[in-house]
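Inspection log for the structure reproduced underneath, given as C-alpha cells.
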Amino acid sequence: MENLKKDIEKVLFSHEEIVVATKRVAEQITEDYKDSEKDPVLLCTLKGALPFMAELMKQLDIHVVTDFIDVASYHGGTESTGSIILRKDVTMDLENRDVIVVEDIVDTGRTLKHLITYLKERNVKSVACASLVDKPEARLIDVQADYIGVISPNEFLVGYGLDYEERYRNLPYIGVLKEEIYK
Ligand code: IMP
Ligand code: MG
C-alpha cells in the first residue's frame, strides 16, 4: 500500500478508525431499529458509499434489505439548486418503507436534501441517513445525517469511496491529496 500513498499529503482517518466508527454507527442503528416495527431498507448511494455500506451492513444485528441509487447534485460547478440528477434509480418499491440512506459524505448538504425530498415523494414511511463523513463547515443547506462516522475539517478528501476525478476510491483510508495532483 505504498504506491498510491505517494499521492497523499496526509491521512486523516485510518482504516482502523473508520472500522471503529462504522461499528459505533452500526450499534446505534441496531439499537434504534431492533425493537421497533421498522423493517429498514439500507439504501447505498453510489459510488462513494460502497465501502462504508459493505462494512456497515456486516455490523448490523438486525434484518435489513439493501438497495442502491446513484444520484448527483450540482457540486462545485456553477451555483445551482437544480433538482437531483438520477443516474440509477432504486429497484425496490420504497412506498411505506423505513429507509436508511447510506452516504459517503455530507458536504454542502445538497445531495442529501434532494435525496430526502425524492424519497418522500416516493411515500416512504421514514427516512434516516447514516454518513461515513460529515463536513459541517461546508454546509450550505440545513440538513444533518442522523448517524455520523467521523467529522472532518473542511478539506477535500479522497479514499474509502471518496474520489478525485473517479480515482482514489479504493484507498483503505481517508486522506488529503498532495497539491501537485490537482495541477
Ligand atoms: P454535497 O451535495 O455537497 O453534500 O456533496 C455530496 C457529494 O459531493 C458526495 O456524495 C461526494 O460525491 C462529493 N464530495 C463532497 N465532498 C467531497 C470530498 O471531500 N471528497 C470527495 N467527494 C466529495
Ligand atoms: Mg458521491
Side-chain angles (χ1 to χ4, degrees), residues 4-15 17-18 21-22 25 41-57 66-90 99-122 127-183:
L4 289 176
K5 197 130 187 204
K6 292 198 286 277
D7 295 356
I8 300 298
E9 177 70 40
K10 60 184 171 195
V11 174
L12 288 187
F13 305 104
S14 69
H15 184 257
E17 284 176 82
I18 293 168
T22 306
V25 167
V41 180
L42 274 189
L43 182 59
C44 175
T45 59
L46 296 170
K47 306 170 195 168
L50 182 67
F52 179 47
M53 173 79 166
E55 188 60 35
L56 181 67
M57 61 191 279
T66 58
D67 206 344
F68 298 83
I69 192 169
D70 189 357
V71 297
S73 77
Y74 299 90
H75 181 81
T78 52
E79 201 56 37
S80 169
T81 50
S83 60
I84 207 164
I85 305 167
L86 198 59
R87 296 200 190 103
K88 184 220 166 289
D89 203 352
V90 296
V99 178
I100 304 172
V101 174
V102 179
E103 268 283 15
D104 49 358
I105 188 167
V106 183
D107 187 45
T108 65
R110 281 199 188 101
T111 308
L112 181 57
K113 183 77 181 180
H114 287 154
L115 204 47
I116 291 170
T117 305
Y118 178 76
L119 293 170
K120 285 184 173 163
E121 284 167 1
R122 292 294 192 88
V127 55
C129 175
S131 184
L132 174 58
V133 184
D134 187 19
K135 234 197 256 180
E137 289 161 40
R139 199 77 86 257
L140 296 175
I141 308 280
D142 186 22
V143 65
Q144 290 298 334
D146 303 271
Y147 307 96
I148 293 164
V150 297
I151 297 175
S152 169
N154 199 3
E155 295 196 68
F156 189 77
L157 311 176
V158 292
Y160 214 86
L162 295 161
D163 71 301
Y164 170 61
E165 295 185 341
E166 291 298 327
R167 296 188 193 270
Y168 302 101
R169 294 193 197 273
N170 54 316
L171 294 176
Y173 48 82
I174 293 174
V176 177
L177 280 177
K178 287 182 180 160
E179 213 178 287
E180 67 210 53
I181 306 293
Y182 296 98
K183 288 183 197 151

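As the structure lists them, so they are numbered: ligands from 1, and atoms in each ligand from 1.
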Can a side-chain donor-acceptor contact be found between Glu103 and Thr45 if the only test is distance below 3.5 angstrom? yes
May I ask you to check whether Asp89 and Tyr118 show a side-chain donor-acceptor distance below 3.5 Å? yes
Considering only residues two or more places apart or on different chains, which pairs with a residue in residues 157-180 satisfy ring-ring contact (aromatic ring centres under 6.0 Å, His included)? Tyr164-Tyr182
Any pair counted as salt bridge (Lys or Arg N to Asp or Glu O under 4.0 Å), so long as it reaches residues 111-120, sequence neighbours left out: none
Just distances here: any N/O of Gly109 and N/O of ligand 1 closer than 3.5 Å? yes
Is there a polar contact, in the sense of an N or O pair closer than 3.5 Å, between Val106 and ligand 1? no
Using a 4.0 Å heavy-atom threshold (strictly under), name the region of Leu140 that reaches ligand 1: side chain, backbone, both or neither. neither
Test of understanding: given a 4.0 Å heavy-atom threshold, classify the contact between Lys135 and ligand 1 as side chain, backbone, both, or neither. side chain
Within the 4.0 Å heavy-atom shell around Arg110, which atoms of ligand 1 are there? 2 (O), 4 (O)
Just jot down the ligand 1 atoms closer than 4.0 angstrom to any heavy atom of Asp163, in number order. 21 (C)
Examine ligand 1 and decide if any of its atoms is less than 4.0 Å from a heavy atom belonging to Asp104. yes
Glu155 near ligand 1 by a heavy-atom separation under 4.0 Å: yes
Distance (rounded to the nearest 0.5 Å) between Leu140 CG and Asp142 CG: 11.5 Å
Please round to the nearest 0.5 Å and tell me the distance separating atom CD1 of Ile151 and atom CG of Leu12. 13.5 Å
